[in-house]
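Structure, as structure tokens:
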Amino acid sequence: GAVVSQHPSWVICKSGTSVKIECRSLDFQATTMFWYRQFPKQSLMLMATSNEGSKATYEQGVEKDKFLINHASLTLSTLTVTSAHPEDSSFYICSASPDSYEQYFGPGTRLTVT
Amino acid sequence: KNQVEQSPQSLIILEGKNCTLQCNYTVSPFSNLRWYKQDTGRGPVSLTIMTFSENTKSNGRYTATLDADTKQSSLHITASQLSDSASYICVVNPQAGTALIFGKGTTLSVSS
């Protein structure tokens, strides 16, 4: 149980285009979902926290107009990287929380912007 | 400032040997401490979660300890296997429902 999926697992896009990443909790309802970014040999950095049906809370330094987060249901959250640039290339990981205690991570999405 | 420090940064051991990874934290308040294993190119997978009242918790060959007084934790891996090669991340949850605070991880390489 407690499986979180992400789609796609990897994506290559051209600079200036937008790309959407999906995060799904497959066997539980997630009241809260988190989006992280991880650069090579670095730890996970929290980008934003989203609760179903409400606006996401972004961490300091994360552009909310560039990284659009939608948490439309208790099992799905999406992260859209708009007008992507090469410096947005990274490993994006989501996590889903069924309560205020546990947090389950997805397998990650590798984004490469050319 | 809430911080989680891990040591060593990287470690190489022979297959079958034991090893211990360290985690020191300066996080307050404190709800729980977690150890995750992250394979290259994958998301973190939970190994153990301990609250302040728990001193030790095991998950197969992984045993985590917690000293809430000194704010130190360790992860002991026994009889290491090649598949143990990964990054091990110590994470502290200050309060239920708040953002997790991540250490930078220890990269473990197990060689044959």
Side-chain angles (χ1 to χ4, degrees), chain A residues 1-11 21 23-26 30-51 54 56-62 89-112, chain B residues 1-11 21 23-25 27 29-54 57 59 75 85-109:
Chain A
V3 177
V4 176
S5 70
Q6 282 185 240
H7 178 79
S9 56
W10 59 271
V11 58
I21 302 170
C23 175
R24 293 181 185 272
S25 56
L26 299 184
T31 55
T32 306
M33 286 186 168
F34 304 84
W35 286 96
Y36 297 85
R37 181 167 50 183
Q38 186 177 32
F39 293 105
K41 300 188 184 299
Q42 299 288 320
S43 190
L44 281 72
M45 294 173 52
L46 180 65
M47 299 175 66
T49 302
S50 73
N51 292 294
S54 60
T57 301
Y58 290 81
E59 294 299 300
Q60 191 173 11
V62 178
S89 298
S90 187
F91 192 52
Y92 291 87
I93 304 173
C94 74
S95 69
S97 181
D99 50 41
S100 59
Y101 179 74
E102 191 53 86
Q103 199 173 131
Y104 302 100
F105 289 86
T109 296
R110 172 74 59 193
L111 170 64
T112 301
Chain B
K1 182 180 179 182
N2 287 336
Q3 284 187 317
V4 177
E5 303 283 346
Q6 291 187 244
S7 62
Q9 185 175 11
S10 61
L11 182 63
L21 314 180
C23 174
N24 297 333
Y25 60 94
V27 178
F30 174 86
S31 176
N32 58 73
L33 184 145
R34 307 143 183 249
W35 282 94
Y36 287 92
K37 177 186 179 186
Q38 185 178 23
D39 293 310
T40 301
R42 306 291 295 174
V45 175
S46 180
L47 296 176
T48 62
I49 300 177
M50 291 182 292
T51 63
F52 72 94
S53 61
E54 296 177 288
K57 182 165 282 189
N59 178 0
L75 179 69
S85 296
S87 178
Y88 291 83
I89 307 172
C90 176
V91 182
V92 176
N93 187 359
Q95 280 182 317
T98 63
L100 302 177
I101 300 175
F102 289 78
K104 292 186 176 180
T106 292
T107 300
L108 174 66
S109 298

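Reminder, nothing fancy here: chain letters follow the sequence lines and each chain counts from 1. Remember, it's a predicted structure, so these values are computed and weren't measured experimentally.
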Quiz item: Quick one: of B/I49, B/I89, B/V91, who has the most non-hydrogen atom pairs under 4.5 Å with chain A?
Solution: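 Of the options given, most contacts go to B/I49.
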Quiz item: Do B/L100 and A/F34 come within less than 4.5 Å of each other through their side chains, counting heavy atoms only?
Solution: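 B/L100 does not reach A/F34 side chain to side chain.
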Quiz item: When you look at CZ of A/F39, are more than 12 heavy atoms from neighbouring residues, nucleotides or ligands closer to it than 6.0 Å?
Solution: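 Yes, CZ of A/F39 has more than 12 neighbouring heavy atoms, counting only those of other groups under 6.0 Å.
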Quiz prompt | Heavy atoms from other residues, nucleotides or ligands near CE of A/M45 exceed 12 (cutoff 6.0 Å) | solution =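 Open.
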Exercise. Rounded to the nearest 0.5 Å, what's the gap from CD1 on A/I93 to CG on A/L44? Could you check?
Key: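 Reported value, rounded in 0.5 Å steps: 4.0 Å.
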At a 3.5 Å cut-off, give me the donor-acceptor pairs between chain B and chain A, one pair per line with the distance.
from	atom 1	to	atom 2	distance (Å)
B/R34	NH2	A/Y101	O	2.3
B/Q38	OE1	A/Q38	NE2	3.1
B/Q38	NE2	A/Q38	OE1	2.8
B/G43	N	A/P107	O	3.2
B/G97	N	A/S100	O	3.0
B/G103	O	A/S43	OG	2.6

Practice problem: Please report the shortest heavy-atom distance between A/A48 and A/L46, naming the atom on each side. | Solution: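 Closest heavy-atom pair between A/A48 and A/L46: O-CD1, 3.6 Å.
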Quiz prompt | side-chain contact (heavy atoms from CB on, under 4.5 Å) evaluation trace for A/C94 with A/V4 | solution = CA-CA 8 Å; A/C94 74; A/V4 176; 3.8 Å; yes
